Number of protein chains: 2
Amino acid sequence: MFQALADPNRRQMVQRLCEGPASVSELAQPLQMTLSAVVQHLAVLEGAGLVRSQKIGRVRTCQLDTQALRAAERWISERRALWERRFDRLGAFLAEQDQNLKEEGGA
Amino acid sequence: MFQALADPNRRQMVQRLCEGPASVSELAQPLQMTLSAVVQHLAVLEGAGLVRSQKIGRVRTCQLDTQALRAAERWISERRALWERRFDRLGAFLAEQDQNLKEEGGA
DNA sequence: GCAATACTTAAGCGCATGCTTCACCAACCA
DNA sequence: TGGTTGGTGAAGCATGCGCTTAAGTATTGC
């Protein structure tokens, strides 16, 4: 999943697919590489569940599947929240300590 | 950034760091690999801006930096939103078409 | 039917990655 | 002071990844 998004060319393909479905050659057009290479990238994206595709006649049409994107987003946001919550608690703790010091100073 | 999160061992290190700062050997402990390897992974995470660390005495303490996580999260959610908006418009369009058909049928 | 189109598949190549070992240094502590 | 702990750096190796070429297959249009 993250592996699939790690490559800039694949991210560009995802970017393109955000704007709507595309055939393999449409995906290949802005990229400076063989159709073969594009197909291989596509296989990785499909493997990661990021893209679905179906072949009609001789043209394969691809589109984004947001399920996997959602999963990745969740993974990140969970971890970020976890850490930030900890950070907040630390802040609260420090503030409390600070308060205690002041009170001791006052007494 | 995604590259850095692509490796499961590095994700595990991030996971560990969510629960608070840790030394290099603490990070290494649950992983079945040399300290050397862990340091190398750490370098990647630091390179991606995911982790900051400082050395006090002979122990290096690492902690998460959520800035990069936030950036990754934003990248994903922007793309997801883009695609889902498109999807909604398509839904609206189809519904409208459907409505038009009904009206024509009624007229 | 024949050529062009739109992929598909397999083989191979070079470079990046992930890991190990080994040697080393800097703190800590008994 | 000398051994142990915690980390660093370089070298080397195996594997995986991204890409290309080349040959093949299935549709489509004339």
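For clarity, every value in this text was computed on a predicted model and none was experimentally measured.
- Relative to the side chain of Arg60(A), the nucleotides dC19(D), dG7(D), dC7(C) differ in distance, and dC7(C) lies closest.
- An OP1 or OP2 oxygen of dT8(D) is reached within less than 4.0 angstrom by no side-chain nitrogen or oxygen of Arg58(B).
- Comparing atom distances between the Val59(B) side chain and each of dT17(C), dG18(D), dG6(D) picks out dG6(D) as nearest.
- No hydrogens or angles were tested; on distance alone, nothing pairs the side chain of Gln3(B) with the base of dT17(C) as donor and acceptor under 3.5 Å.
- Rounded to an integer number of Å, the gap from CD of Glu26(A) to C1' of dC7(C) is 14 Å.
- Note on Lys55(B): every side-chain N or O is 4.0 Å or more away from OP1 and OP2 of dA27(C).
- Looking at residues two or more places apart in sequence or on another chain, you find a side-chain hydrogen bond (donor to acceptor under 3.5 Å, both in side chains) between Arg70(B) and Glu84(A).
- Side-chain atoms of Asp65(B) and Trp83(A), non-hydrogen and from C-beta on, never get closer than 4.5 Å to each other.
- Atom CE of Met13(B) and atom P of dC19(C) are 10 Å apart (whole Å).
- For Gln54(B) and Thr61(B), the side-chain atoms include no donor-acceptor pair closer than 3.5 Å.
- As judged by a 4.0 angstrom heavy-atom cut-off over every strand, Ser25(A) is placed among residues touching the sugar-phosphate backbone only.
- Checked by distance alone, Gln40(A) brings a side-chain donor or acceptor within 3.5 Å of a matching partner on the base of dT20(D).
- With hydrogens and angles left out, the side-chain atoms of Arg80(B) and Thr66(A) include no donor and acceptor closer than 3.5 Å.
- Atom NE2 of His41(A) is separated from atom P of dC7(C) by 16 Å (rounded to the nearest Å).
- Residue order along DNA chain C, read from the 5' end via each residue's closest nucleotide, puts Val39(A) first among Val39(A) and Asp7(B).
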For residues 27-35 of chain A, please give each side-chain donor-acceptor pair under 3.5 Å, one per line with the distance, not counting sequence neighbours.
none

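- A distance of 16.0 Å separates CZ of Arg10(A) from CD of Gln15(A), quoted to the nearest 0.5 Å.
- In this structure, Thr34(B) does not reach the dC19(C) phosphate: none of its side-chain N or O atoms is under 4.0 Å from OP1 or OP2.
- Following rounding to the nearest Å, Gln32(A) (CD) and dT20(D) (C1') show an atom-to-atom distance of 15 Å.
- Closest-nucleotide positions on DNA chain D for Gly57(A) and Arg10(A) were compared, and the one nearer the 5' end corresponds to Arg10(A).
- Rounded to whole Å, the distance from CG on Leu42(B) to P on dG9(D) is 12 Å.
- Note: CD (Gln29(A)) to P (dT5(C)) measures 15 Å, nearest angstrom.
- Taking atom CG on Asn9(A) and atom C1' on dC17(D), their separation rounds to 12 Å, with Å as the unit.
- Ranking dT8(D), dT20(C), dG18(D) by closeness to the Ala37(B) side chain, first place goes to dT20(C).
- At whole-Å resolution of the value, CD1 in Ile56(A) and C1' in dA26(D) are 15 Å apart.
- Put simply, the side chain of Ser36(A) and the base of dT8(C) share no donor and acceptor less than 3.5 Å apart.
- Comparing dT8(C), dC19(D), dT20(D) against the side chain of Leu35(A) picks out dT8(C) as the nearest.
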